[in-house]
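Here is the structure we will look at, set down as structure tokens.
Letters go in sequence order (proteins before strands), and every chain restarts at 1. As a basis for the values below, the full set of heavy atoms in this structure was taken, side chains included, without hydrogen atoms, waters or symmetry mates.
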Number of protein chains: 2
Amino acid sequence: MNKEAVEQYDSSVYRTPDGYTSDIAVFTIHSEKREHKPPVVNLMLMLIRRAEQTAEGTPNIEAGKWALPGGFVQPDETALEAAHRELEEETGVKGIHMKHYGMYDRPGRDPRGWILSNAHYAIVPEDLLVSRKASDDAEDVQLFRLEELKTIPLAFDHAELIADAIREIRSDLLQTTAAKNFLPSEFTYSELQAVLLTVTDDPAIKSEQAFARKIKTLPFIAEAEGKTTARTSKKPAKLYKFKEMDVIKPIYTARY
Amino acid sequence: MNKEAVEQYDSSVYRTPDGYTSDIAVFTIHSEKREHKPPVVNLMLMLIRRAEQTAEGTPNIEAGKWALPGGFVQPDETALEAAHRELEEETGVKGIHMKHYGMYDRPGRDPRGWILSNAHYAIVPEDLLVSRKASDDAEDVQLFRLEELKTIPLAFDHAELIADAIREIRSDLLQTTAAKNFLPSEFTYSELQAVLLTVTDDPAIKSEQAFARKIKTLPFIAEAEGKTTARTSKKPAKLYKFKEMDVIKPIYTARY
DNA sequence: CTAATAGTGTCTTTAAGACATTATCTC
DNA sequence: GAGATAATGTCTTAAAGACACTATTAG
């Protein structure tokens, strides 16, 4: 590295952003048990309601509207690290799957100035969200079904961030092995199927028999030899697990 | 919007980034004709050699190393707009396909300070790059085959940006209709096949007969009725075009 | 026994894979 | 006619789709 060059560099010739934030679209799958009927399984998004006042007691921007959790990135961390830190501060959840999916930098998107947002989506198993920090007022943190999102007031350009997050998680669930982040390490065919059905109505995935057969032939899924569980039905069901491998299925071919 | 809140907001309580840059991985497909043999077709990446001195005459950081073209984003534009502007300034090329694929913000990635890089990849048909601006010294702008990239000195963390760009364009070419950006609006099966073969060796794509048959059944490709061209062979070949549609092919199913 | 999910048998239909053959044109 | 790419014919094999049927167990 050229030391002289570093010292001579004058960043003041360029205008610099007024802030760099990390936002998180936290998804979970909510399963609602019903008597004598299969459970209603839904993909849900966690939003927080912006407070009327800031911590300093001044009126808060976009107060009362719903927003993705997030906050300013510190100079000694990446936005991904900030997202993990903020999600833990907000919900007590840590160690979950998180992925960058977009960058939002349209001039005027935030009235406070030139503020960049690095957007991530997170996948959180439902049970982790239930054991949420007591410090959060339940009124201000809420899970929404995806259809509900059109009907509530959203802060800043978060309607756009959310629409993009949904598109991203949908394609990741169907085209990568991302579904594993909603599941225990060993799972039944019907558990995997339930995750996929939150984002698709493909008949080949909808049919129990077809899917139960298909899962055995998928190169990225292995049987957990000999293991079964009765957690999804009275009859014990075989357990499967994801293999560690990259999957690219070209749209131009049929097989793997 | 809450006006009082805007005025009371004090951005100085947070440290702000020292710069926001937009970088571009410019890909093109180079086709080298040979006598009595099929042409050698390769995916190539354009890089620029960093000057010894800045425009102000001071020593340049990372001078002499190869880097992705790019530069600082202005407050009145998005990084995507900046990428288009910079690519035109650099190569005279405009109106081409450009896509965000990553954000690079690791502390220390740029010795000049806390500098964020919003990375894009661009797809440029080869003939547009040939008519490059004369103002560029040919020595300092060069196309590299992907294998060559391991052997040349790269500036900053651009080795990482480039590796991610290659992964992204590879998966986009195979899993989306991105290949259309390397092709004329109407193309033969062998032209599409040549594009795909730059990023895959899938036997179903490699075989002429198999691919010529398969292209007729793809739901996102239509025949250009009655039209043919002889530009790829002595025998006139049918022309095809991409339909305007989203394609998601789940890894869990066989058909569309 | 009933109800529910798990899992198999089997037949039909469709598509993939392989390989040979024909078509069209330039040189 | 040689040589190149384009395109089809046809046979074999594998997989998808459909539907009936069996298995296991809680209540």
Cationic N near anionic O, under 4.0 Å, [X] to [Y]:
X: A/Glu81; Y: A/Arg85; value: no
X: B/Glu223; Y: B/Lys241; value: no
X: B/Glu191; Y: B/Arg231; value: yes

- Query: According to the interplanar angle, ranging from 0 to 90°, do the rings of A/Tyr121 and A/Phe27 count as parallel (below 30°), tilted (30 to 60°) or perpendicular (above 60°)?
  - Reply: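 Taking A/Phe27 first and then A/Tyr121, their aromatic rings stand perpendicular (interplane angle over 60°).
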
Using modelled atom types only, decide if a donor and an acceptor are shared between the side chain of B/Thr200 and the backbone of B/Leu197 within a distance under 3.5 Å.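 No; zero donor-acceptor contacts below 3.5 Å.
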
#### Entry: Side-chain donor/acceptor of A/His120 to backbone N/O of A/Met98, under 3.5 Å
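A pair under 3.5 Å: no.
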
- Task: Quick one: label B/Gln209 by what it contacts on the DNA or RNA (base, sugar-phosphate, nothing), any heavy atom closer than 4.0 Å.
- Result: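 Since a base atom lies under 4.0 Å of B/Gln209, the category is base.
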
Is A/Lys216 near enough to C/dT8 that one of its side-chain N or O atoms lies under 4.0 angstrom from OP1 or OP2?
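Yes, within the criterion.
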
Rounding to a whole Å, what distance do you find between [X]:[atom1] and [N]:[atom2]?
X: B/Phe211; N: D/dA7; atom1: CZ; atom2: P; value: 13 Å
X: A/Leu218; N: D/dA15; atom1: CG; atom2: P; value: 12 Å
X: A/Glu208; N: D/dC19; atom1: CD; atom2: P; value: 14 Å
X: A/Ile215; N: C/dT8; atom1: CD1; atom2: P; value: 13 Å
X: A/Lys249; N: D/dA15; atom1: NZ; atom2: P; value: 12 Å
X: B/Ile205; N: C/dA16; atom1: CD1; atom2: P; value: 13 Å
X: A/Lys206; N: D/dA18; atom1: NZ; atom2: P; value: 13 Å

Just the atom pairs and distances: protein N or O near nucleotides 11-13 of chain D's N or O, under 3.5 Å.
none

Among residues at least two apart in sequence or on other chains, which ones pass side chain to side chain contact (heavy atoms under 4.5 Å, CB included) with A/Ala210?
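Scan of A/Ala210 (side chain to side chain contact (heavy atoms under 4.5 Å, CB included), adjacent residues dropped) gives A/Ser207.
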
Holding to ring-ring contact (aromatic ring centres under 6.0 Å, His included), I want the full list of residues that pass it with A/Phe242, two or more places apart in sequence or in another chain.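 Result, ring-ring contact (aromatic ring centres under 6.0 Å, His included) vs A/Phe242: A/Phe187.
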
_Using the ring-ring contact (aromatic ring centres under 6.0 Å, His included) criterion, which residues pair with B/Phe144? Sequence neighbours excluded._
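B/Phe144 satisfies ring-ring contact (aromatic ring centres under 6.0 Å, His included) with B/Trp66 only.
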
Exercise for review: Output the residues of residues 228-242 of chain B in contact with DNA chain C, where contact means a heavy atom of the residue under 4.0 Å from an atom of the strand; sort by number or write none.
Suggested key: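 Here the set is B/Lys234, B/Lys235, B/Pro236.
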
| task | Can you sort out which residues in residues 188-195 of chain A have a heavy atom within less than 4.0 Å of DNA chain C? Ascending by number, please. | result |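 A/Tyr189, A/Ser190, in order of number.
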
* Any donor-acceptor pair under 3.5 Å joining the side chain of B/Arg213 to the base of D/dG9? ->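 Checked by distance alone, the answer is yes.
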
**Prompt:** Are B/Ile96 and B/Leu87 close enough that some pair of their side-chain heavy atoms sits under 4.5 Å apart?
**Reply:**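 Side chain of B/Ile96 against side chain of B/Leu87, heavy atoms only: contact under 4.5 Å found.
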
Around atom NZ of B/Lys94, are there more than 12 heavy atoms of other residues, nucleotides or ligands at under 6.0 Å?
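No.
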
**Asked** Which comes earlier along DNA chain D counting from the 5' end, the contact point of B/Ala212 or that of B/Pro39, where each point is its nearest nucleotide?
**Response**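 Going by which nucleotide is closer to the 5' end, it is B/Pro39.
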
